Structures are given as structure tokens and as C-alpha cells.
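In what follows, a single structure is set out as C-alpha cells and then discussed.
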Amino acid sequence: MAEAMRLAVLDDYQGAAASRGPWERLGDRVALTIFRDGLAEEDALVARLRDFDAIMLIRERTPFPASLLRRLPRLRLLVTAGGRNRSVDAMACEELGIIFCGTTSVGAPTLDLTWGLIIGLLRDIPGQQQALREGRWQTGIGLGLEGLTLGVLGLGHLGSRVAGVARAFGMTVIAWSPNLTRERAEAAGATLVEKPRLFAEADVVTVHMVLSERTRGLIGAAELGAMKPGAFLVNTSRGPLVEQAALVEALRSGRIAGAGLDVYDTEPLPADHPLLSCPNTLLTPHLGYVTDQNYRAYFAGAVEAVEAFLAGSPIRRIAAG
């Protein structure tokens, strides 16, 4: 009997993988190991993973650069949750003969979280709940969405859906991205504006851009300085799109009214990170994709990917570039 493939699932922070994937379908063909913790040091990752034939990544929790891939000679299959993962060197996978593939996902769960952060900020839901639990009643006055202006950076699939919800709330929607056209903006119910105007006019700026070398630091001191003092920034895309030091300064100085963040320059967020002590923030630990439905799709997709690989017909392969 052939030796079982050794499969590792990494960074299962919530202990969700075992109960949400149909792993039993793999039978004795695969020996599954699930790791609840995350490792940052490459040497530690090599020591942990060098005997595995296949690895599943939950989104971008553990980057897989070429240097790490080259030190895992047994690795034949790398599966990422979702359809893409920019923290994996896909070119190195091709060069090393490692099959790199993705899984299915469900809907656009980051849409829900984006609006949870916006509404939570403007109505101060966390603060009002805490005051109520402490015996205080109606300690603040919130902002209603109707009549405000939402500025959307990145009007792709997710940004367009965010814009649609804003219209339902009675907001005016303006949008910008490097390649956005007036026709595409209008189709999403938004008005195309130049980037400086978006930051100057929006009451809420929400970010829905892909992280690349071109977009890293897209929002810096100049953009934050152009915002209204009463405006809010929401980022559910990627932390490095926003210059973290500039954001910390804008929050501490009161230059902007607040920020709702689900993503950070370093994840998991270190206990001494300056954002944790900033006023007027609503912070969540990268929950945009974290729903029961999405996790079930991820782990079912991983099982499908392993089955297809073992059958000699890999599916949902992710190409370099």
C-alpha cells in the first residue's frame, strides 16, 4: 500500500478546520495535521513543514516566499483558501514543480463587515454598549448615514456592492481608482472624481483596492490631511494600503474623526502596536472573510483540490503573474 500523503492545514486560529471540512473523503490516502498556531520565522516553518507533501493556507496568514518554498523539497501541492493569494510566490511554485491552487468561496462577506465598521463607528455602538453596561444612559450622539457622502477607493466587485448599500441608505457615492471610468462608476451608482476631491469631500472613505507595489502606501499623510476633521476612514482590504504611522498621527491629533480597521501592516497585530492605543477606532482581527459559510467552502475546496491532485488532474490552478 502506498504511503499516505501528509497534509498540513496552517493557522487554524479558531479551530474551525476539523469540523467544517469533509476530510473523511480522503480516507487513508491522506494523513491530516492541523496547526492552530502561527509561526513567523522561516527556520521554524521549515522545521515544522519539511516532512509534508501538501499544505493548505488559510488566506495570507503565513506568507510563502521563494526562500521558504525552496527549503521544502517534499512539497508537491500548495492550496490556498480563496481564488488567489499574493503572499505566495507563484513563479517559484512553477519553477519547483509545486502545484499551486485555490478553493471556492461564498459571496462577499467583507461587504457585511465593511458596513458593520461604518455603522459601528458613526453610531458609536461599542462605546454606547460599554456605557450602558456601566450604568450610564445615552452618553453620546451618533451620525446617521442618510445625506452623507461615501468615498469608495476601488469600485470593483466588492466596492460596487458597498456602493449599492450606500445608495440604499440614502448616501451620495463618489469613487476613484487608477483605471476607473465614468461609465463604470455610473453603472455602480457612483460619480467618478479625482483622488484629492474624494478625500476632501467624503464623510466616510472606504478602501477596496488590491495590494501591489503600485498601491502600497496609497493613503498617506497628504490624503489623511485632506479629509474633513469629522470624516472617518474604513479599511477592510489590506493594511499596507494605508501608511500606518500617518494614520496613527491623524487619529491621535484628532485630524480625522476615527477609523474602522480590519487589516494591519503586521498580522496578527502585536500587543504593543500603536493603533491599539489610538482614540476613536473600531478594530477587528481581519474578519472580512471569516464566516461559517466561507470556511465550509474553503475546506471543502481543499478536499476537492487534494482529490484532484491524487487523481492526476489538478483543479483551480493559480498561475504566476
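Quantities reported herein were computed from a predicted structural model and do not represent experimental measurements. Hydrogens, waters and symmetry mates play no part in the numbers below; they use all other heavy atoms, side chains included.
- Within the 4.5 Å cutoff, the side chain of Glu223 has no heavy atoms near those of the Leu233 side chain.
- Within the 4.5 Å cutoff, the side chain of Asn85 has no heavy atoms near those of the Ile318 side chain.
- The environment of CD in Glu134 is crowded: more than 12 heavy-atom neighbours from other residues, nucleotides or ligands sit within 6.0 Å.
- Taking all atoms of both residues into account, the shortest heavy-atom contact from Leu224 to Arg255 is O-CG, 4.1 Å.
- For the pair His286 and Arg238, the tightest heavy-atom approach, listed with the atom from each and the gap, is NE2-NH1, 4.0 Å.
- Residue Gln138 qualifies as open at atom CD: its count of foreign heavy atoms under 6.0 Å is 12 or below.
- Side-chain N or O atoms of Arg316 include one that pairs as donor or acceptor with a backbone N or O of Gly102 at under 3.5 Å.
- Atom CZ of Arg167 sits in a sparse spot, with 12 or fewer heavy atoms from other residues, nucleotides or ligands closer than 6.0 Å.
- Judged purely by atom type and a 3.5 angstrom limit, Thr215 has no side-chain atom pairing as donor or acceptor with the backbone of Leu218.
- Salt bridge Asp53/Arg74: present, at least one basic N to carboxylate O contact under 4.0 Å.
- Atom CG of Asp89 sits about 7.0 Å away from atom CZ of Arg70, to the nearest 0.5 Å.
- Rounding to the nearest 0.5 Å places CG of Leu96 at 12.0 Å from CE of Met91.
- For Ser177 (side chain) and Leu153 (main-chain N/O), no donor-acceptor pair under 3.5 Å exists by modelled atom type.
- Crowding of Arg36 atom CZ: a count of heavy atoms from other residues, nucleotides or ligands under 6.0 Å exceeding 12.
- Both Val173 and Leu117 are assigned to one and the same hydrophobic cluster, defined by single-linkage of ILVMFWY side chains at heavy-atom distances under 4.5 Å.
- Remark: Arg61 qualifies as a cation-pi partner of Tyr13 under the 6.0 Å distance and 45° angle criteria applied to the six-membered ring.
- Under the 4.5 Å side-chain heavy-atom criterion for Ile, Leu, Val, Met, Phe, Trp and Tyr, Leu261 and Val204 are members of distinct hydrophobic clusters.
- Tyr264 OH to Leu276 CG: the interatomic distance, rounded to the nearest 0.5 Å, is 7.5 Å.
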Please step through side chain to side chain contact (heavy atoms under 4.5 Å, CB included) for the pair Arg184 and Leu155, ending with a clear verdict.
-> CA-CA 8 Å; Arg184 284 174 49 212; Leu155 202 62; 5.5 Å; no
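- Leu49 and Met56 end up in different hydrophobic clusters when Ile, Leu, Val, Met, Phe, Trp and Tyr side chains are linked at under 4.5 Å.
- Cluster annotation: Phe64 and Leu39 are assigned to the same hydrophobic cluster (Ile/Leu/Val/Met/Phe/Trp/Tyr, side-chain heavy-atom contacts under 4.5 Å, transitive).
- Between the CG atom in Leu75 and the SG atom in Cys93 there is a gap of 7.5 Å [rounded to 0.5 Å].
- Using a 4.5 Å heavy-atom cutoff, the side chains of Phe52 and Leu10 are not in contact.
- The heavy-atom pair separating Met5 from Ala54 by the smallest distance is SD-CB, 3.7 Å.
- Residues Glu201 and Thr172 fail the side-chain proximity criterion, which asks for heavy atoms closer than 4.5 Å.
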What's the verdict on side chain to side chain contact (heavy atoms under 4.5 Å, CB included) for Gln128 and Thr139, showing C-alpha distance, side-chain angles and the deciding distance?
-> CA-CA 7 Å; Gln128 292 306 305; Thr139 62; 3.1 Å; yes
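- The shortest distance between side-chain heavy atoms of Phe199 and Ile219 falls below 4.5 Å.
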Leu247 vs Asn235, side chain to side chain contact (heavy atoms under 4.5 Å, CB included): CA-CA, chis, key distance, verdict | CA-CA 11 Å; Leu247 177 57; Asn235 185 10; over 6 Å; no
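- Closest approach of Ala202 and Lys228 over heavy atoms only: O-CD, 4.0 Å.
- Residues Arg29 and Val306 fail the side-chain proximity criterion, which asks for heavy atoms closer than 4.5 Å.
- For the side chain to side chain contact (heavy atoms under 4.5 Å, CB included) with Leu7, the lone residue among Val303, Val30, Ile34 that qualifies is Val30.
- Thr149 contributes atom OG1, which lies 9.5 Å from atom CG of Leu198 (distance to the nearest 0.5 angstrom).
- The aromatic rings of Tyr289 and Tyr298 are tilted relative to each other, their planes meeting at an angle between 30° and 60°.
- Between Gln293 and Val106, the shortest heavy-atom contact is O-CG2, 3.6 Å.
- Atom CD of Glu24 is surrounded by more than 12 heavy atoms from other residues, nucleotides or ligands within 6.0 Å.
- Under a hydrophobic-cluster definition in which Ile, Leu, Val, Met, Phe, Trp and Tyr are linked whenever side-chain heavy atoms come within less than 4.5 Å, directly or via other members, Tyr295 and Leu57 are assigned to different clusters.
- In this structure, Ser237 contributes its side chain and Val207 its backbone to a donor-acceptor pair below 3.5 Å.
- Side-chain N or O atoms of Asp265 include none that pairs as donor or acceptor with a backbone N or O of Gln244 at under 3.5 Å.
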Yes or no on side chain to side chain contact (heavy atoms under 4.5 Å, CB included) for Val162 and Leu111, after CA distance, side-chain angles and deciding distance?
-> CA-CA 6 Å; Val162 169; Leu111 172 67; 3.7 Å; yes
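- No side-chain heavy atom of Ile174 sits less than 4.5 Å from a side-chain heavy atom of Trp176.
- Counting only heavy atoms from C-beta outward, the side chains of Leu148 and Leu122 approach each other to under 4.5 Å.
- Within the model, atoms CD1 of Ile55 and OG1 of Thr80 stand 12.0 Å from one another, a figure rounded to the nearest 0.5 Å.
- In terms of modelled atom types and a separation under 3.5 Å, the side chain of Thr236 and the main chain of Asp262 share no donor-acceptor contact.
- Closest of all the heavy-atom pairs between Cys101 and Ala305 is SG-CB, 3.7 Å.
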